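A quick write-up on the structure given underneath.
Every chain is numbered from 1, with letters handed out A, B, ... down the list of sequences. Quantities reported herein were computed from a predicted structural model and do not represent experimental measurements. Hydrogens, waters and symmetry mates play no part in the numbers below; they use all other heavy atoms, side chains included.
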Amino acid sequence: MQRPPEDATDPFPPAGGAPPAEPDPAAFEQALRLAEALVFASDRPVTPARLQPVLPPGCEARTVLEALAARCAGRPVALVEVAGGFAFRTAPDLAPALTRVVEVPRRLPRAAMETLAIIAYHQPVTRAEIEEIRGASLSQQTLEALLEMGLIAPRGRKEVPGRPTLWATTPRFLEQFGLRALSDLPRREELVSEPTLPLAAPGSGQPTA
Amino acid sequence: MQRPPEDATDPFPPAGGAPPAEPDPAAFEQALRLAEALVFASDRPVTPARLQPVLPPGCEARTVLEALAARCAGRPVALVEVAGGFAFRTAPDLAPALTRVVEVPRRLPRAAMETLAIIAYHQPVTRAEIEEIRGASLSQQTLEALLEMGLIAPRGRKEVPGRPTLWATTPRFLEQFGLRALSDLPRREELVSEPTLPLAAPGSGQPTA
Amino acid sequence: MSEAARTAPPALHLTLEGFEGPLDLLLELARAQKVDLQAISIVSLVDQYLAVLEQARAVRLEIAADWLVMAAWLAWLKSRLLLPEEAAPDEDAEALAGALTDRLVELERMRAAAAWLAGRLQLGYEVFARGAAESLTVQDRSGIAADLPALLQAYAAARRRALARRPYTPKPRRLWTVQEALARLSRMVGGLPDWSVLQRFLPEGLADPVERRAALASTLIAALETARGGGVELRQDRPFGPILIRRRLEKPDAKAA
């Protein structure tokens, strides 16, 4: 059951030598248990830094978390890396059954999704700049919906006349879309690769819109 | 791993016959997955009744939950039956290692703070004298709270009828208030215009009287 | 709405309601050209836009100002683009056309980004987090939230309250009688060779100003009394100046006589 850490960035010496930290199996097993319990109990992603002090000496938090993720693969509740930490998430294939009893919020309308995408790619960005890109005015309702879901937050003011608020995405945004970091977003150049069949339908994938 | 249903209220026929529902293993396995995901995702303990509609036909919710609880035994997170249903809880052997202590300093109630201040300025002082100075009676509770916090201590008895206890502040008191010595306290006269001293000049000193 | 529009491009002009603004419509028209956005013909785009707007006007007269502003701007842009090469402001028009294309490309990108996001497995929709987190924290309430200012404030408040509640009772005064002043003066004056200020003969430790003034008055009376009896001499060099006192010397006796 127990696996050695599989950290590709750290090819550990095959034998002999003195691998920096190859903790004894019992300690590593305990580390896995502690990590699972801590991440399971938490309602926010647990960073390696948060886990580290809890672990037995010689266990490196990220190694433990990655080993745990591998061990949990295929379980109904899997460990995923998100928003700078690790969190348990239900397996996507179970969603149809779960949504029969778990309440699911309304999906964001197209205008809100576009606004969110613009904030994600242009942050920090003012409301006027968002409107400029969309070529349409931004309704208060849309802004409030994004704020209420905790997906965006003000981040300072732009030093121009009127000092308009600058908007940026939050860690909650990363969690919502299962991103480890903003750098997980597709690069801008990749967004429109096939000019003729671009994003087949803006507003697709949103059957409720 | 898999357990037959143990429903005491429904003694099922030992063999042969037609047990009402002995679902096929694959369906039961899926039921276990769904139960684990739902209990994980639910914001409150999951009752068998809430789980039931999620399950494949032929799976009885309580049976599934009990089988899941048995399967989780030994995991760092256990399925426990709590008021109103089933919920995941950190295994008791891990909880102490994961528990973080958050310091929430208590505020002293007004009476305690005033009593402490009077002891600080008038020590050693009897309870009756404290009451006289504060102009209010002093509850045993207040005195005991200060004692328990280690801020005051008895220091001898006053040689008057009844030999009442004299109270004084402790080194812990100095530490709490960041004082090197009691002489670091501002002089009393700087805080209050005492009637025993200047007030003297009739008319002056007590504008409020 | 836009979905229907896309499947039947010629019917685009039926309404503008499906579009979020002129740029939205322009992007849709550009897409209908089925070429790379970078290669679209701005001139044909302008014609299509104006045509759609014209149709919309036929249906409904009221069209929001931003649609019309865009129409006017596009018409101007088209005229510039069609002008012969030698006309000076051509470069401007090219740049403006390029800027419009850039805006359309950016909008297209953001649409794609929104679609990409919408296609993710979203928390609370396709995947779920722990519904009820366990709090693995324990509150340590052994600390005390109290600082020196609070302590001092408490003392002042307690005293003020206690004093305000107490009925006013004049403090019994310890007054220095003339007899006491006489006794002290006669005891002290013998040891003083020269003039001394009257205040030196006050009793010690008089902090209360009232008691001090009373004692001063008693001592002055005692001094006058003694001077009348010939025991001491008094002197005051100017009004309100210090009152000086000394033992009466023998010699002036004769003078007095």
Quick check on [X]: does its [atom1] atom have over 12 non-hydrogen neighbours (other residues, nucleotides or ligands) under 6.0 Å away?
X	atom1	result
C:R200	CZ	no
C:Q153	CD	no
C:Q199	CD	yes
A:R44	CZ	no
C:R212	CZ	no

Proximal component of [X], with respect to chain C [non-hydrogen, under 4.5 Å]:
X	result
A:R106	backbone
A:V102	side chain
A:L98	side chain

Leading residue by heavy atom contact count with chain C [cutoff under 4.5 Å; candidates [options]]:
options	answer
A:D43, A:L38, A:T115, A:V77	A:D43
A:S137, A:P96, A:P105, A:A136	A:P105
A:A78, A:S42, A:P186	A:P186
A:A112, A:A120, A:A95	A:A95
A:V80, A:L179, A:L116	A:L179

Apply side chain to side chain contact (heavy atoms under 4.5 Å, CB included) to residues C:W116 and A:L185 and explain how you reach the verdict.
CA-CA 9 Å; C:W116 186 84; A:L185 288 170; 3.7 Å; yes
To check you understand the geometry: which heavy-atom pair defines the closest contact between [X] and [Y], and what is its length?
X	Y	value
C:A113	A:Y121	CB-CE1, 3.4 Å
A:I133	C:E106	CG2-CG, 4.1 Å
C:L123	A:E175	CB-O, 3.6 Å
A:G135	C:P22	O-CD, 4.1 Å

Hey, is the main chain of [Y] close enough, under 3.5 Å, to the side chain of [X] for a donor-acceptor pair?
X	Y	result
A:T90	C:V127	no
C:R103	A:E132	yes
C:R120	A:F177	yes

Of C:L117, C:L26, C:L23, C:L107, the largest count of non-hydrogen pairs under 4.5 angstrom with chain A goes to C:L117
Which of A:E114, A:R134, A:H122 passes side-chain contact (heavy atoms from CB on, under 4.5 Å) with C:M110? It is A:H122
Ionic contact status for A:R107 with C:E126, cut-off 4.0 Å
yes
Where do C:Y125 and A:Q176 land on the side chain to side chain contact (heavy atoms under 4.5 Å, CB included) test, with the steps shown first?
CA-CA 9 Å; C:Y125 297 91; A:Q176 176 74 42; 3.3 Å; yes
Are any of the side-chain heavy atoms of C:R130 and A:F40 separated by less than 4.5 Å?
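Yes, close enough: below the 4.5 Å cut-off.
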